[in-house]
Colleague: 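Before I ask anything, let me first share the structure, which is written out below as structure tokens.
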Amino acid sequence: MAAAQAVILWFILACYSDAQTLFERTEEAYNTTGICQRMACNTLEKLKQLENCVVILGDLQITLMERTEKKDFEKMIFKNLREVTGFVIFYRVKGLESLGQLFPNLARIRGDQVFNDFSLIVYDMEHLKEVGLYNLLKIDRGGVIVWLVPLACFVTTVNWKAIAPMARRVLSPSEGTMHCTSNCRCTNEMDTNKCWNTRIVLPVNKYCLSVKECEGLGGWQWNNTCIFECPIDFAKHTFSNGSITCVLCVNCNVICKSLLIQSTSSIEAAKRCVYINGSLRIHIRSVPEAMEELRAFLSRIQNVTDYIEIHGSVIITSLDFLSSLKYIGGQKLYNNKYSLVVHDMVNLQTLFTTNVTNNIIIGNGTMNFYRNPVLCLNEIDKLVPRFRDKPSEWDVAKDTNGYSGGCAFASVNLNVTILNETSVTISFPSLEEPDVHYSVLYIHLPLGSKKIFVPETCSESEWHAINVDVKPRKYGLVNITTLHPGSKYALCVETYEPKRNYIARSTIYNFSTPVGKPEPSFISELVAKNEEVVVIRWVDHLVYKPHIVRYELDVSIIDIHPKDVDSRDHCKDNFEEIDDFRHAVVYRPPAEYERGCESMCGVLSSSTKGALVENYFDVCSDLSDLGCNVEESPPPANSSFGKYVKTLSLNVSATKTDYQIGELAPFRDYRFRLRACTHDTCSRSAKGVVRTLRSEYADIPTVVYAIANEFGYISLSWRPPDLVNGPVLAYIIEVIPSIKVNEIAHLVPRTWCVRPDQSSIIVKYLVYKKYVIRVCSTTLASERACGEYVSVVVSTEYVKNWAWVALVFGLLLFTASVVAGRYWKRKKRVDDMIPLVENVYNECTTPSVMSEFIPFYSVLVNENTFEECHLIR
Ligand SMILES: *[C@@H]1O[C@H](CO)[C@@H](O)[C@H](O)[C@H]1NC(C)=O
Ligand SMILES: *[C@@H]1O[C@H](CO)[C@@H](O)[C@H](O)[C@H]1NC(C)=O
Ligand SMILES: *[C@@H]1O[C@H](CO)[C@@H](O)[C@H](O)[C@H]1NC(C)=O
Ligand SMILES: *[C@@H]1O[C@H](CO)[C@@H](O)[C@H](O)[C@H]1NC(C)=O
Ligand SMILES: *[C@@H]1O[C@H](CO)[C@@H](O)[C@H](O)[C@H]1NC(C)=O
């Protein structure tokens with residue numbers, strides 16, 4: 001699996017040190033032409049040099065202004081600046097509350113140079129309340145970081161996707177934070193609700209405007225939007241001071257004159273009409289989506305005083321949009337005869353809703369239907385009882401409506417037996433007539449579909465059709481075995497009599513397949529938040545989502561066996577480069593799953609198509625049965641090592657779609673398994689592995705004692721680190737002779753490297769009176785993590801407390817040193833002294849132990865002894 005592309009914390013941390021070096025390069029600005037060179041501002045004076053800049057060639061760095069206050073920025077505004085060709089960094093600028101306040105007209109950041117792939121970096125800004133660069137239209141190259149901005153709101157509400165479409169975005173989550181109460185109200189749709197801040201009021205067309213801009217367009221602010229017309233049931237009211245508002249006014253302006261509906265605008269113009277004093281004529285040639293518009297805007301019409309004529313509208317399949325129609329007056333009639341005229345409607349299949357059909361009152365006149373090829377006569381017949389003047393054969397022409405009159409209702413008694421989640425059996429008795437062809441038609445109803453299915457919508461174009469061979473007086477029997485679980489279907493039977501060329505359809509039956517074993521949830525994010533916390537986030541399979549009652553989550557550490565550590569000589573091998581991508585796994589879910597949060601909601605994750613999030617690749621479905629159906633191991637019991645989680649099993653409530661797991665060991669891989677459960681059963685596991693971040697404080701071994709003799713032998717032992725980033729791979733012992741402070745400053749320590757199971761060593765060095773030594777460890781996360789330096793003094797003074805200990809140890813070690821020394825000689829890695837290193841030590845003498853009689857001296861080393869010994873690099 002390729003490394004998951006994800007935003008990684010190390011970068012953000014690294015930013016600090018990287019940034020500092022960058023900031024030191026300062027260039028002077030050229031103020032005369034409006035074109036300035038790279039600007040690095042870390043004082044207000046330098047910032048003021050931006051005064052006349054229109055374009056900055058290079059980067060704009062505004063950083064480390066740690067003593068500035070809010071009032072310092074109050075009058076500071078650089079209206080001229082439009083463009084920066086490099087990247088822009090704001091870092092640790094105290095008191096600054098809005099970037100837009102400084103650069104209200106900054107429109108473009110080209111990102112010709114980027115800073116670690118990013119070109120707008122707003123980082124560690126204690127007082128920032130908003131980004132607010134409301135004129136920023138484009139970031140050509142490089143991503144956006146807005147992080148460590150505790151007070152900022154409107155970070156994620158900015159339409160970054162439009163500004164920096166293909167780039168990474170690392171955004172501090174601000175929604176839901178207590179202090180950010182005011183959301184954008186550009187539109188009511190969350191997805192399109194984008195804004196830079198609250199100075200801004202928002203019209204329906206999804207743009208954010210200021211109140212002034214709104215008024216400039218001839219609109220006014222009402223209910224947080226910029227409107228040009230009051231909504232239905234409201235009337236415009238102008239105050240004496242000229243400001244405008246809308247006041248409640250139920251059923252005013254509802255009487256309309258005759259309407260001719262031909263276009264989107266005429267549809268919309270009808271939206272207030274309840275009573276039409278005249279006729280309603282609809283003739284829409286080509287307005288896609290017209291059905292939706294009609295349903296939205298003609299739904300209030302109750303009363304038409306004259307007549308209704310609907311013709312030549314390809315898009316209209318049903319008259320259900322006239323959902324409130326109660327009365328057609330017929331005061332004036334079409335051709336002096338008709339109050340309802342429907343003709344040349346090639347796709348019209350159904351008329352009014354049942355409720356309208358059953359309740360409509362026709363004052364006068366009759367109906368006229370012709371050239372409606374797919375409108376069956378039985379549909380028209382439903383309306384006949386509502387007319388006092390019954391239509392003649394000429395008024396409803398049999399040969400030009402409804403399949404030339406050849407469509408009818410087939411009364412077939414369907415019996416649907418559900419076998420399991422993918423299979424049903426359908427049976428029906430044959431009709432009396434011989435020589436009838438039967439087809440079963442079915443369609444998968446999309447989730448949440450509001451489409452109304454009536455027999456006439458049962459058609460071969462959209463529906464699956466199965467021809468059924470039925471003997472007269474026998475049962476027709478059909479098995480359908482390729483259904484989706486937990487889904488709704490519509491089903492009907494069509495009969496065709498070739499002799500009479502006569503088609504009939506049954507009513508529509510609906511059935512649902514059982515849920516069965518659910519598909520697993522999809523782990524969209526698995527991100528290490530710090531050295532001991534991992535956040536998991538998932539989305540559900542759309543089909544199974546409504547049925548999920550809980551999740552099962554289990555976590556297990558991935559063991560590292562000592563033999564795997566042993567299999568390599570970590571003293572010889574190069575330190576493996578750390579793969580930081582292992583700390584975050586972010587995938588975009590497949591189509592049948594809910595959308596993940598593409599950019600905003602992750603802890604660190606933020607994503608753009610193609611840049612950060614990888615598309616999920618399912619080996620199982622692509623390469624059938626590649627061991628994907630193997631038995632899964634059952635969820636483990638809870639267990640721990642030290643204070644860390646080894647294994648953990650949890651039940652998670654169905655309301656959650658994320659979970660945070662703590663007390664994990666630093667820099668270790670953990671496997672997460674998530675199962676979605678219905679009342680009856682749980683899915684397979686969705687799996688993911690993620691590595692916790694490294695602990696800063698880990699990996700440091702402690703010297704427990706060190707002694708040296710007059711012949712240059714140094715013996716020392718150490719305690720393994722209390723906290724480790726993964727296992728210790730090797731220990732490195734560093735020794736420097738301590739002659740005089742100034743001299744050792746130029747020495748590189750001599751080093752010995754030993755295996756991780758060692759905790760003591762005797763080394764031979766040149767003879768000196770005093771040495772400084774330390775022990776370092778190599779772990780998965782650190783090439784060399786070192787403890788404090790300690791001094792070892794070779795001395796001849798006597799301290800009675802230590803005499804016996806020293807004597808025994810001394811003799812033992814002397815013997816051991818010969819043996820061990822030889823053995824370790826093969827293993828040790830010896831670095832030659834190179835007088836190059838910049839180490840500077842404060843000399844730090846420790847109480848030494850002395851004896852006149854014996855050549856070995858031990859110094860018990862503990863932290864207290866060396867506390868005052870600070871070694872400065
Ligand atoms: C005012 O706006 C809110 C939110 O956008 C909306 O839910 C509400 O219906 C609006 N009120 C009126 C009277 O239109
Ligand atoms: C309807 O229109 C006619 C003229 O076409 C007018 O005389 C009548 O007053 C109108 N009725 C209503 C209720 O507006
Ligand atoms: C049906 O129509 C009547 C009057 O026309 C109305 O009061 C009722 O709310 C309607 N019912 C539905 C379900 O639309
Ligand atoms: C459902 O039943 C059909 C027919 O009995 C069978 O072929 C199919 O394998 C079953 N499917 C499942 C998921 O049990
Ligand atoms: C494991 O511990 C968690 C709480 O830390 C608890 O909710 C869960 O029930 C435990 N699981 C088992 C199998 O004991």
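Indexing begins at 1, ligand by ligand and atom by atom, following the structure's order.
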Colleague: Could you tell me whether atom 14 (O) of ligand 2 has a protein heavy atom closer than 4.0 Å?
Modeller: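 Looking at atom 14 (O) of ligand 2, one finds that a protein heavy atom does lie closer than 4.0 Å.
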Colleague: Could you identify the single nearest non-hydrogen protein atom to atom 4 (C) of ligand 4 and state the distance to 0.1 Å?
Modeller: S423 OG, 4.1 Å
Colleague: With atoms numbered from 1 as shown, which atoms in ligand 5 lie under 4.0 angstrom from a non-hydrogen atom of S649?
Modeller: 1 (C), 8 (C), 10 (C), 11 (N)
Colleague: Check the orientation of H343 and H311. Use parallel for under 30°, tilted for 30 to 60°, and perpendicular for over 60°.
Modeller: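 Rings of H343 and H311: parallel, under 30°.
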Colleague: Please tell me if atom 2 (O) of ligand 2 is touched by the protein, where touching means a protein heavy-atom distance below 4.0 Å.
Modeller: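 Under the 4.0 Å cut-off, atom 2 (O) of ligand 2 does have protein heavy-atom neighbours.
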Colleague: Measuring from non-hydrogen atoms of T481 to any atom of ligand 4, is the shortest distance under 4.0 Å?
Modeller: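 T481: no contact with ligand 4 (<4.0 Å).
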Colleague: Does N651 approach ligand 5 within less than 4.0 angstrom via side chain, backbone, both or neither, non-hydrogen atoms only?
Modeller: neither
Colleague: Identify, by atom number and element, the atoms of ligand 4 in contact range of N420, meaning under 4.0 Å from any of its heavy atoms.
Modeller: 1 (C), 2 (O), 3 (C), 8 (C), 10 (C), 11 (N), 12 (C), 14 (O)
Colleague: Can you check whether W222 and F234 have ring centres sitting under 6.0 Å from each other?
Modeller: yes
Colleague: I need the nearest protein heavy-atom contact for atom 5 (O) of ligand 4: residue, atom name and distance, please.
Modeller: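 I find the closest protein heavy atom is L419 CD1, 4.5 Å.
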Colleague: Is the ring centre of H541 less than 6.0 Å from the ring centre of Y544?
Modeller: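 Here the rings of Y544 and H541 have centres that are less than 6.0 Å from each other.
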Colleague: Quick check on contacts: which atoms of ligand 4 are under 4.0 angstrom from a heavy atom of T422?
Modeller: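 Under 4.0 Å from T422, ligand 4 has these atoms: 11 (N).
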Colleague: Any atoms of ligand 5 less than 4.0 Å from a non-hydrogen atom of L648? List them with their elements.
Modeller: 1 (C), 2 (O)
Colleague: Does the pair K545/E594 count as a salt bridge with the N-to-O cut at 4.0 Å?
Modeller: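 A salt bridge is present here (some side-chain N lies under 4.0 Å from a carboxylate O).
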Colleague: Can you tell me if T357 uses its side chain to pair, donor with acceptor, with the backbone of N355 under 3.5 Å?
Modeller: no
Colleague: Could you name the option among N277, I255, I276 that has the heavy atom nearest to atom 8 (C) of ligand 2?
Modeller: N277
Colleague: Is the backbone of A637 close enough, under 3.5 Å, to the side chain of T647 for a donor and an acceptor to pair up by distance?
Modeller: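 Yes: the side chain of T647 pairs with the backbone of A637.
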Colleague: Of D554, L650, V652, which has the heavy atom at the shortest distance from atom 7 (O) of ligand 5?
Modeller: L650
Colleague: Do the ring centers of Y438 and F428 come within less than 6.0 Å of each other?
Modeller: yes
Colleague: Compute both the distance and the angle, then confirm whether R691 meets the cation-pi test with F667: under 6.0 Å from the six-membered ring centre, within 45 degrees of the axis.
Modeller: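 Output yes; distance and angle both within limits.
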Colleague: With respect to D554, which candidate in R671, R675, K646 satisfies the salt bridge (Lys or Arg N to Asp or Glu O under 4.0 Å) definition?
Modeller: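 When R671, R675, K646 are each tested with D554, the salt bridge (Lys or Arg N to Asp or Glu O under 4.0 Å) holds only for R675.
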Colleague: Under 4.0 Å from atom 11 (N) of ligand 2, can you find at least one protein heavy atom?
Modeller: yes
